[in-house]
Amino acid sequence: MNRQGRAAEEDFIRMIRENERIIYKVCSFYVSDEFPMDDLYQETVLNLWKAFPRYRNESRLSTYIYRVALNTCISGMRRESRRGQRVPLTFLDEPAFEPENMGEDIRELYRLIRRLKRLERSLILLWLEEKPYQEIAEITGLSPGNVATKLKRIREKLVKMSNQ
């Protein structure tokens with residue numbers, strides 16, 4: 001490997017290490033029997049590696065990583081849904097990645113979020129990460145106004161789900 005290739009590889013590894021929390025967090029919202037955490041994480045890192053040479057600093061690196069991670073997870077679910085319905089042998093009730101100090105209220109919120117539709121999960125995840133509407137719009141491809149409307153409805157839906 002030449003010096004340029006080695007430098008690019010080192011930059012990529014540094015980027016992954018500095019942002020692995022983002023990758024794990026996104027993947028944790030899409031974990032299921034069909035999509036174990038290790039597979040989602042590995043697929044996301046692979047897609048980031050393939051896309052890394054095309055990253056042009058037009059947006060923040062974290063925005064770019066969120067976009068690739070969300071697209072990877074959602075694309076995997078779409079591919080799987082075209083293969084037909086599967087009956088899971090077990091139901092994963094707890095997220096595969098969560099901080100040790102996570103309280104029961106937060107665990108319940110994660111359970112409710114995992115019951116949302118794919119786009120809703122993506123939006124609420126980014127909102128919980130305190131991303132501004134403009135950045136959420138850049139990541140998801142929606143307009144900022146649409147992001148605001150959808151987030152309002154998602155928060156109302158979560159409140160309703162928690163009262164059931």
Side-chain angles (χ1 to χ4, degrees), residues 6-80 90-142 144 147-148 150-152 154-155 157-158 161-162:
R6 222 181 338 259
E9 185 177 324
E10 289 170 4
D11 289 345
F12 178 77
I13 291 169
R14 186 176 326 103
M15 176 194 71
I16 294 298
R17 285 189 179 132
E18 290 171 359
N19 294 282
E20 76 179 341
R21 184 183 159 276
I22 292 171
I23 300 167
Y24 273 116
K25 181 158 239 154
V26 171
C27 292
S28 72
F29 279 87
Y30 294 92
V31 167
S32 68
D33 285 337
E34 293 85 20
F35 304 102
M37 175 61 84
D38 290 344
D39 290 354
L40 286 173
Y41 185 86
Q42 183 176 2
E43 184 86 13
T44 300
V45 171
L46 176 64
N47 285 339
L48 283 165
W49 173 252
K50 289 176 183 176
F52 189 62
R54 292 187 306 274
Y55 175 65
R56 290 174 269 152
N57 288 324
E58 292 174 354
S59 63
R60 291 187 4 206
L61 184 59
S62 63
T63 300
Y64 180 73
I65 291 170
Y66 270 110
R67 185 175 202 116
V68 171
L70 286 167
N71 286 337
T72 299
C73 293
I74 291 170
S75 294
M77 291 178 77
R78 282 188 194 130
R79 271 193 314 273
E80 194 61 32
T90 61
F91 179 75
L92 182 61
D93 193 35
E94 294 296 322
F97 175 76
E98 59 183 40
E100 298 96 35
N101 61 351
M102 185 182 287
E104 189 54 39
D105 290 343
I106 301 297
R107 281 192 179 93
E108 179 60 23
L109 176 62
Y110 272 52
R111 284 185 207 110
L112 294 173
I113 289 171
R114 285 201 341 274
R115 292 173 42 198
L116 296 171
K117 295 176 184 170
R118 288 180 218 145
L119 178 60
E120 292 172 335
R121 268 188 266 175
S122 301
L123 291 169
I124 201 71
L125 163 67
L126 295 167
W127 182 75
L128 288 170
E129 286 289 313
E130 300 179 356
K131 299 291 180 193
Y133 285 5
Q134 182 61 44
E135 187 172 353
I136 294 172
E138 289 172 23
I139 293 168
T140 61
L142 300 171
V147 167
K150 286 185 181 296
L151 280 169
K152 181 179 184 305
I154 293 166
R155 289 190 301 266
K157 185 175 183 178
L158 286 169
M161 288 167 61
S162 70

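Sequence positions, counted from 1, serve as the residue numbers for this chain.
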Run Asp38 and Tyr41 through side-chain contact (heavy atoms from CB on, under 4.5 Å) and show every step you take.
CA-CA 5 Å; Asp38 290 344; Tyr41 185 86; 5.8 Å; no
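- Going from atom OG of Ser32 over to atom CG of Asp39 covers 10.0 Å, rounded to the nearest 0.5 Å.
- In plain terms, the two heavy atoms of Cys27 and Leu40 that are nearest each other are O-CD1, 3.6 Å.
- Annotation: the span from Leu119 atom CG to Ile154 atom CD1 amounts to 6.5 Å, rounded to 0.5 Å.
- Put simply, the side chain of Leu46 does not reach to within 4.5 Å of the side chain of Gln42, judged on heavy atoms.
- Ring planes of Tyr64 and Tyr55: tilted class, angle from 30 to 60°.
- The CZ atom of Arg17 sits 12.0 Å away from the CD1 atom of Ile23 when rounded to the nearest 0.5 Å.
- Looking only at side-chain heavy atoms (C-beta outward), Leu126 and Glu135 stay at 4.5 Å or farther from each other.
- The line from CD1 of Ile13 to CD of Glu9 is 4.5 Å long, rounded to the nearest 0.5 Å.
- Rounding to the nearest 0.5 Å gives a distance of 13.5 Å between NZ of Lys117 and CD1 of Ile74.
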Mind running side-chain contact (heavy atoms from CB on, under 4.5 Å) on Val45 and Phe12 for me, showing each step along the way?
CA-CA 10 Å; Val45 171; Phe12 178 77; 4.0 Å; yes
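- For the residue pair Thr72 and Glu43, the shortest heavy atom distance occurs at CG2-CG, 3.3 Å.
- Between Asp105 and Leu109 there is no side-chain heavy-atom pair separated by less than 4.5 Å.
- Salt bridge Glu138/Lys131: absent, no basic N to carboxylate O contact under 4.0 Å.
- With salt bridges taken as basic N to acidic carboxylate O contacts below 4.0 Å, one links Glu108 and Arg111.
- Atom CG in Leu125 sits 7.5 Å away from atom OG in Ser28 (nearest 0.5 Å).
- You'll find the side chain of Leu158 reaches within 4.5 Å of the side chain of Leu116, heavy atoms only.
- Side-chain atoms of Leu70 and Tyr30, non-hydrogen and from C-beta on, do get closer than 4.5 Å to each other.
- Nearest heavy atoms, Pro144 versus Ala137: N-CB, 3.8 Å.
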Quick one: do Asn71 and Asn47 satisfy side-chain contact (heavy atoms from CB on, under 4.5 Å)? Show the steps, please.
CA-CA 10 Å; Asn71 286 337; Asn47 285 339; over 6 Å; no
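- Using a 4.5 Å heavy-atom cutoff, the side chains of Phe52 and Met15 are in contact.
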Could you go through Leu142 and Leu123, starting from their C-alpha distance and side-chain angles, then the distance that decides it, and tell me whether this counts as side-chain contact (heavy atoms from CB on, under 4.5 Å)?
CA-CA 10 Å; Leu142 300 171; Leu123 291 169; 4.0 Å; yes
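- The minimum heavy-atom distance between Lys25 and Glu129, with the atom names listed, is CD-OE2, 2.8 Å.
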